[in-house]
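Report on the structure given below.
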Amino acid sequence: MSHMRPFPSIVKFNQLLHSLTKLKHFSHSLHLFKQMCALRVPVSDYTMSIAIKCCCQLYRTNDAFSVLGFCFKLSIVPNVFIFNALLDGLILEDRILEAEVFFKKLINNKLCEPDVVMYSTMIKGLCKVGNNVIAIQMLSLMDESGCKPNVVTYSNIIDSLCKDKMIEDANKLFKEMVFKKGISPDVITYSSLIDGFCSLGRWEEASKLLQEMLDVGMSPDLQTFTILVNAFCKEGKVEETENVIDIMLEKGILPDIVTYNTLINGYCLRGELNKAKTNFDSMVFRDLAPDVVTYSSLLNGYCKSLKMDDAMLLFQEMNEKGVKPDVVTYSSMIQGLFRVGRCGDARKLFDKMHGKCQMPDQLTYGIILEGLCNNHKIEEALSLFHLMGDIKLNTEIVMYTILIDGASKCGKFDIARLLFQDLTDKGLCPNVRTYSVMISGLCREGLVGDAKDLFLKMEASGCPPNNVTYNILLQGYLKNKHNDDVEMLLHEMDGRCYSLDATTLELLLNQIASGLLDNTLLELISKLVPKELMDGPSFTTLLENVKK
DNA sequence: CTAGGGTTAG
């Protein structure tokens, strides 16, 4: 095309760039764009919108704005597609404040009339930074300014609410969309809600939605099925998981790499390593190449089960296959090695990740601090902590909590106490975990009175104890024979609708059995036992209907 | 020849 004179129509060039962009070959597309400019091909506004989109998708939004400047030079008037791409780029880079300023500037300077896509993009950005309330305000704002929201606008907010576990609000908005606005939900809206309900274990409602979809003749797609697979195998519902896969295949929908990764990860989290490995093998058999997520998930499964030799072999295999381990992979491996006491090997891998330019992040450092503490290397952990510098920004309290827990578990409660004092002096606020870990440490030392004082201080400090804190203190009372306090705490837990964890329950029952605790407590205790995981048959029956 | 929403890993 570049050798033809005159040049082919710009439409032909645009089609070419468009195809590359659709295939996500953004840099190639940009490369061609640059060549076109060098050849002085008369580019159009559409060409510019593609170039700008490519920059944005490559996280080079600043460059995209340079291209916008180039538009003015060429006397190309930027259109709403160009502005939307730029807005989306800012949001992709989490530059929400700049996005808002840009959005307002476009409106105030009448550079373009915001359309439903622009509003939806802005709403997506607000949701992304956790500003659901403002997002909902913008929803009514757009309505007032005569721009009708559509199913995408609503789905953006609904999904965000679901992710924040605000499922009731999501459901309310869903109803508003359907009944007040007459906008029909599509497969994406349903999938978001189903995922929301599933992740809260609310199977009944999830299945009702799935049924509703089927009733209106809408078929779940690959992503909907992947959502169901994710929910089922994370819960250990093996039969249901396999059922979903079978149904997918019957409907001619083939699992993709994400579906397999989801399966493998889900099984690994349940310790079902054989199932995970079987799925790993079958994805290879189906000609899907495992990626870094696949390997990291399976490897994490091995690490969590302390099968470090298998993990090492897999780590080797991924390197041989040319799949580059990333910070997640290394962190999993390091955690596993620490857990089996192979501190030297953990250290080697830590050095290696630096060598491969995979920089440890906050989670990695947390894993290492915990690993060092669990292997009685408190001093090393402390010096690493002091060397960490900026990396611990925003997570310093997390690191402190790990160290406090580690020190007191090693019997060095004096260090734990110093650390707790230190963080307070620095003006850091202990969170519920910090307090819980401290209370646990105090109880371990037999200082139940101090533990109780700290427990009471939590409420006053605006950081009320949670279910875990209660269980920790209760265990402290039980182990230190503070039986008078036990009953009171149980009543409080009942009042707060808290429940006993397995360890605390066992401790309670043992003490009752051995006569250390009064058996009249049994009635109260039974109220605090969490409901069994609901294995209602409804989901299974429903899956049968999906087949039809 | 145009744009925006849902699924996976430490």
Side-chain angles (χ1 to χ4, degrees), chain A residues 9-19 21-22 44-50 52-53 56-57 79-89 91 115-125 127-128 149-160 162-163 185-196 198-199 220-231 233-234 255-266 268-269 290-301 303-304 325-336 360-368:
Chain A
S9 139
I10 186 61
V11 174
K12 296 287 170 203
F13 282 100
N14 290 344
Q15 282 173 332
L16 182 64
L17 294 189
H18 174 74
S19 315
T21 311
K22 268 267 169 304
S44 68
D45 55 349
Y46 184 42
T47 326
M48 299 309 266
S49 79
I50 295 177
I52 286 173
K53 181 173 171 83
C56 290
Q57 295 298 310
N79 58 26
V80 67
F81 294 100
I82 289 180
F83 290 130
N84 281 339
L86 287 164
L87 190 68
D88 202 38
I91 287 164
D115 63 0
V116 60
V117 176
M118 187 171 281
Y119 274 110
S120 303
T121 306
M122 199 59 234
I123 283 174
K124 173 183 74 175
C127 290
K128 195 181 171 196
N150 61 18
V151 63
V152 178
T153 326
Y154 272 98
S155 300
N156 260 314
I157 309 179
I158 289 172
D159 183 59
S160 174
C162 287
K163 296 229 157 62
D186 61 14
V187 63
I188 296 182
T189 327
Y190 276 116
S191 300
S192 287
L193 276 165
I194 289 173
D195 189 38
C198 283
S199 61
D221 65 7
L222 176 59
Q223 286 198 47
T224 325
F225 281 119
T226 305
I227 287 167
L228 293 173
V229 163
N230 186 40
C233 61
K234 271 208 179 103
D256 67 358
I257 184 158
V258 178
T259 320
Y260 274 108
N261 289 349
T262 306
L263 264 167
I264 291 166
N265 182 53
C268 281
L269 290 180
D291 66 2
V292 61
V293 176
T294 328
Y295 277 109
S296 300
S297 297
L298 189 55
L299 195 140
N300 180 46
C303 290
K304 287 280 152 67
D326 64 9
V327 56
V328 177
T329 329
Y330 280 106
S331 304
S332 277
M333 288 294 292
I334 289 172
Q335 187 173 47
D361 61 13
Q362 299 176 338
L363 242 146
T364 322
Y365 278 106
I367 285 169
I368 294 171

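Only a predicted model underlies this, so the values are computations on that prediction, with no experimental measurement involved. Order of the sequence lines fixes the chain letters, A, B, ..., with proteins taken first and strands second; residue numbering starts at 1 for each chain.
- The shortest distance between the side-chain N/O atoms of A:Lys124 and the OP1/OP2 oxygens of B:dG6 is not below 4.0 Å.
- Judged by distance alone, with hydrogens and angles left aside, A:Thr224 brings a side-chain donor or acceptor within reach of the base of B:dG6, the pair sitting under 3.5 Å.
- No hydrogens or angles were tested; on distance alone, nothing pairs the side chain of A:Thr121 with the base of B:dG4 as donor and acceptor under 3.5 Å.
- Backbone-only engagement by A:Asn156 is indicated by non-hydrogen atom pairs under 4.0 Å involving sugar-phosphate atoms exclusively.
- Taking atom CG of residue A:Asp88 and atom P of nucleotide B:dG4, one finds them 6 Å apart after rounding to whole Å.
- One N or O donor and one acceptor, one from the side chain of A:Asp186 and one from the base of B:dG5, sit under 3.5 Å apart.
- Contact annotation for A:Ile227: backbone-only contact, meaning every heavy-atom pair under 4.0 Å involves sugar-phosphate atoms and none involves a base.
- Within the 4.0 angstrom heavy-atom criterion, base atoms lie near A:Val327.
- Every side-chain contact (heavy atoms from CB on, under 4.5 Å) that A:Lys163 has, sequence neighbours left out, goes to A:Asp159.
- In this structure, A:Thr329 reaches neither bases nor backbone, as no heavy-atom distance under 4.0 Å exists between it and the strands shown.
- Between A:Lys163 and the phosphate of B:dT7, there is a side-chain N or O to OP1/OP2 separation shorter than 4.0 Å.
- The CD1-P distance, from A:Ile52 to B:dG4, rounds to 14 Å in whole Å.
- Nearest to the side-chain atoms of A:Val117 among the listed nucleotides B:dG10, B:dA3, B:dT7 stands B:dA3.
- Across all strands shown, A:Asp45 has no heavy atoms under 4.0 Å from either base or sugar-phosphate atoms.
- Judged by distance alone, the side chain of A:Lys128 and the main-chain N or O of A:Ile91 form a donor-acceptor pair under 3.5 Å.
- Remark: the backbone N or O of A:Asn156 is not paired with any side-chain donor or acceptor of A:Ser160 at under 3.5 angstrom.
- Base contact: A:Val187 has a heavy atom under 4.0 Å from a base atom.
- Within the 4.0 angstrom heavy-atom criterion, base atoms lie near A:Gln223.
- A donor-acceptor pair shorter than 3.5 Å can be found between the side chains of A:Asn261 and A:Asp291.
- Nucleic acid contact class of A:Ser296 (heavy atoms, under 4.0 Å, all strands): base.
- Applying the side-chain contact (heavy atoms from CB on, under 4.5 Å) rule to A:Gln335 yields the partners A:Lys304, A:Arg339, A:Ile367, A:Glu370; only residues at least two apart in sequence or on another chain are considered.
- Nucleic acid contact for A:Ser332: sugar-phosphate only, since backbone atoms but no base atoms lie under 4.0 Å from a heavy atom of the residue.
- One cannot find a donor-acceptor pair under 3.5 Å joining the base of B:dG6 and the side-chain atoms of A:Ser192.
- Between A:Asn265 and the phosphate of B:dA9, there is a side-chain N or O to OP1/OP2 separation shorter than 4.0 Å.
- Between the P atom of B:dT2 and the CG atom of A:Leu16 lies a distance of 14 Å, rounded to the nearest Å.
- Of the side-chain N and O atoms in A:Lys128, none sit less than 4.0 angstrom from OP1 or OP2 of B:dG4.
- Below the 3.5 angstrom threshold, one finds a donor paired with an acceptor across the side chain of A:Thr364 and the base of B:dG10.
- If you check the side chains of A:Thr262 and A:Thr259, you find no donor sitting under 3.5 Å from an acceptor.
- Atoms NZ (A:Lys234) and P (B:dT7) sit 11 Å apart, rounded to a whole Å.
- Side chain of A:Asn300, nearest nucleotide from B:dA3, B:dA9, B:dG5: B:dA9.
- Contacts of A:Thr153 with the nucleic acid, taken as non-hydrogen atoms under 4.0 Å apart, include base atoms.
- As judged by a 4.0 angstrom heavy-atom cut-off over every strand, A:Thr259 is placed among residues making no nucleic acid contact.
- Residues A:Pro149 and A:Tyr119 form no side-chain contact, since every pair of their non-hydrogen atoms from C-beta on lies 4.5 Å or further apart.
- At the heavy-atom level, A:Asp256 lies nowhere under 4.0 Å from the strands shown.
- For the OP1/OP2 pair of B:dG4 and a distance below 4.0 Å, the side-chain nitrogens and oxygens of A:Lys53 include at least one atom meeting the criterion.
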